[in-house]
Amino acid sequence: MALPISSVTPETEYAEIHGWVHEIRDLGGLSFFLIRDRTGIIQVTIVKKKAPEAVVEAAKAVSRESVVRVAGTVKGIEKAPGGRELVPDTFEIIALAAVPLPLDVSEKVPAELDTRLDGRYLDARRPRVTAVFQVRSCVLGVIHELLYAEGFINIQTPKVVAAATEGGTELFPIAYFEKEAFLNQSPQLYKQMMMAAGFEKVFEIGPIFRAEEHNTTRHLNEATSVDVEVSFADHHDVMDLLERIVVDVYRGVAETCPYPLEQLGIDLQVPGAPFPRLPYAEAIDIASSRIEEDLAYGDDMGTAAERALGEEMGEHYFITDWPTEIKPYYAMPYEDEPGICKAFDLMHPRMELSSGAQRVHDHDLLVSRIESKGLSAESFEFYLEPFRYGMPPHAGWGMGAERLVMTMLGLPNIREAVLFPRDRHRLTP
RNA sequence: GCCCAGGUAGUGUAGGGGCCUAUCAUGUCGGCCUGUCACGCCGACGACUCGGAUUCGAAUUCCGACCUGGGCGCCA
């Protein structure tokens, strides 16, 4: 029975391991093989005069990144990595790797992101890349756990839809038998419909698709959205929830991912809640005093403004009370001040992570909001009908999972947080 | 969509009219090496994205195509 490499300690007497040949150092009569699995690396030491002939032969034939099965005696030796090494009586090549490799897994020579993504299966063998996806898995696990613990229902909504959610963004058209259809940009309308169904608390973690031809380090054409909707809740209630999730995610990763964090060289600091809730008007004042370009009330936050605010705030924060004009039709305007609405963005100092709002739950108000955005209410009929038969007040948000992972780990490019990113130019692998 | 910068061995790079039979590292192959841990030493192998133009001469300049990275807008 093979052991995970990290579980082999100086006290282990005998071990069998499966792994990939990370590095080979042949000193002549003595050779060292570093064998790697997803949990760690162990040194296998072969003394040619003492080792079985079959071991020596296999060791001579093996190439870097081949899959091997090695079994033998474990010796506690201080000068070996991890304080132990394996002296094999069996060294079996399970799958010989061809040469040369498309990229250097041991990271002696860097590879560009494009090269790495082309050979993602190899790139992901690199401990620092594996680590990112172990953390990502943990992040999504923590979110699931927290939401289940708070009584949320995990839903799945269609990704093939007939119309845009909110207009504005470009959609990917697809052929759906004799009809035109699109890949969904957001589960927004569906999760709201489940409020009319009385589900009260729902969440969905799934893909969203945007056909924008953006070319940045923080946009993807296929992203993972963490979406939440809660009945009988206002925007502050769901900001509280979002805050709990972010803090819990950081804490969960810090507690359960020590090896990945070590690989990434990150000393993860759990952010302190509550996060400041900065009204849009104040945010504009702060940003405009710190940047060159003109920024007026009613403008969207540009990248420079976001960056300036991020420097000022230094931590996660919310921007609240946005002008109704620049938020989607489903954001609830304040009753006493309809020029601003109960929408919010959750910001990391580097970028926006999430946006949400208390939603409009009154049918007639929603129709007038849709029309004031220049959209046609008829095309939203499937969405509007539930609002006529008992729609509770509700609020929710959507958060980019990749952005959460990216900002937490300080990744330079959002593509680092996706196994097989889809961007303007990349459709394979 | 707009703007900028690039494409040189498997990988990452140097070189910006003749000094290029193209640098260095890593890798691969062969040889030596019993404690390496970026092992070391000797030798070899391997590349100028494509098409056109300018020129006596182009990896280098110009035009076009293709591909890539980044900034902005917009957003998660």
Side-chain angles (χ1 to χ4, degrees), chain A residues 22-34 41-51 63-65 75 77-83 85 87 97-119 122-123 165-170 185-188 205-227 242 293 299-307 326-328 345-348 351-356 397-407 412-415 417-418 423-426:
Chain A
H22 191 67
E23 275 186 64
I24 301 172
R25 286 195 268 280
D26 183 359
L27 274 62
L30 177 68
S31 54
F32 300 101
F33 294 79
L34 299 185
I41 291 178
I42 190 169
Q43 175 166 288
V44 168
T45 303
I46 297 174
V47 179
K48 282 179 190 155
K49 283 182 183 168
K50 294 184 187 170
S63 56
R64 292 161 80 219
E65 294 307 318
K75 285 187 180 170
I77 286 196
E78 262 188 42
K79 52 193 169 187
E85 66 181 15
V87 179
V99 292
L101 295 164
L103 56 88
D104 177 17
V105 177
S106 68
E107 297 194 84
K108 281 180 193 161
V109 180
E112 289 194 350
L113 186 57
D114 190 49
T115 307
R116 293 174 44 209
L117 292 175
D118 281 341
L122 262 186
D123 180 55
T165 300
E166 39 197 277
T169 194
E170 293 289 321
Q185 69 183 95
S186 155
Q188 178 67 29
I205 300 177
I208 56 169
F209 304 90
R210 310 263 163 111
E212 296 291 341
E213 298 195 16
H214 32 47
N215 205 283
T216 77
T217 54
R218 60 190 186 285
H219 290 93
L220 293 162
N221 292 295
E222 178 179 7
T224 306
S225 177
V226 178
D227 265 274
L242 183 49
E293 65 198 67
D299 290 344
D300 227 317
M301 293 282 170
T303 308
E306 267 186 18
R307 201 175 304 123
I326 57 174
K327 280 290 176 186
D345 284 0
L346 173 64
M347 308 297 297
H348 176 276
M351 71 187 77
E352 180 182 340
L353 294 184
S354 167
S355 62
W397 43 258
M399 172 165 59
E402 287 82 14
R403 288 191 175 184
L404 180 60
V405 172
M406 174 190 188
T407 52
N413 191 314
I414 197 164
R415 293 165 182 82
V418 190
D423 61 34
R424 177 68 186 85
H425 303 289
R426 181 173 288 278

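In what follows, chains carry the letters A, B, and so on, assigned in the order in which the sequence lines appear, proteins first and then strands, with residues in each chain numbered from 1. What's counted below: heavy atoms across the whole structure, side chains too, no hydrogens, waters or symmetry copies.
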Shorter than 3.5 Å, N or O on both sides, protein versus nucleotides 28-33 of chain B: list them out with atom names.
unit_1: B:C33; atom_1: N1; unit_2: A:Leu27; atom_2: O; d: 3.4
unit_1: B:C33; atom_1: O2; unit_2: A:Leu27; atom_2: O; d: 3.3
unit_1: B:C33; atom_1: N3; unit_2: A:Asp26; atom_2: O; d: 3.3
unit_1: B:C33; atom_1: N3; unit_2: A:Leu27; atom_2: O; d: 3.4
unit_1: B:C33; atom_1: N3; unit_2: A:Gly28; atom_2: N; d: 3.3

Check nucleotides 12-14 of chain B against the protein and report each pair of N or O atoms closer than 3.5 Å, with its distance, or say if there are none.
unit_1: B:G12; atom_1: OP1; unit_2: A:Glu112; atom_2: N; d: 3.0
unit_1: B:G12; atom_1: OP1; unit_2: A:Thr115; atom_2: OG1; d: 2.7
unit_1: B:G12; atom_1: O4'; unit_2: A:Pro110; atom_2: O; d: 3.0

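In this structure, the nucleotide among B:U34, B:G35, B:U26 sitting nearest to the side chain of A:Lys79 is B:G35. Among the nucleotides B:U68, B:A38, B:C72, the one closest to any side-chain atom of A:Glu23 is B:A38. Counting only heavy atoms from C-beta on, A:Asp114 has its side chain closest to B:G69 among B:A76, B:G69, B:G35. Residue A:Thr216 places its side chain closer to B:G73 than to any other of B:G35, B:G73, B:C74. Among the nucleotides B:G73, B:U26, B:G35, the one closest to any side-chain atom of A:Asp104 is B:U26.
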Taking protein heavy atoms under 4.0 Å as touching, what does nucleotides 41-46 of chain B look like 5' to 3' if B marks base contact, S marks sugar-phosphate-only contact and - marks none? ------
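Qualifying side chain to side chain donor-acceptor pair (under 3.5 Å) partners for A:Arg426, counting only residues two or more places apart in sequence or in other chains: A:Asp114, A:Asp118. Under the salt bridge (Lys or Arg N to Asp or Glu O under 4.0 Å) criterion, A:Arg116 pairs with A:Asp123, A:Glu416, sequence neighbours left out. When the ring-ring contact (aromatic ring centres under 6.0 Å, His included) test is applied to A:His22, no partner is found at least two apart in sequence or on another chain.
Side-chain atoms of A:Thr45 and A:Glu85 include a donor-acceptor pair closer than 3.5 Å.
Remark: side-chain polar atoms of A:Arg218 are not paired, donor with acceptor, to backbone N or O of A:Arg403 under 3.5 angstrom.
Contact annotation: side chain of A:His214 to base of B:C75, donor-acceptor pair absent below 3.5 Å. No hydrogens or angles were tested; on distance alone, a donor-acceptor pair under 3.5 Å links the side chain of A:Arg403 to the base of B:C75. The base of B:C2 lies outside donor-acceptor range of the side chain of A:Glu213, with no N or O pair under 3.5 Å.
Both distances falling under 3.5 Å, in either a Watson-Crick or a G-U wobble arrangement, place B:G69 opposite B:C4.
The side chain to side chain donor-acceptor pair (under 3.5 Å) test with A:Ser106 singles out one residue from A:Glu23, A:Arg64, A:Glu65, and that residue is A:Arg64.
For the P atoms, the distance from B:G15 to B:C72 is 28 Å, rounded to whole Å.
Classification of B:G40 as anti follows from a glycosidic angle more than 90° from 0.
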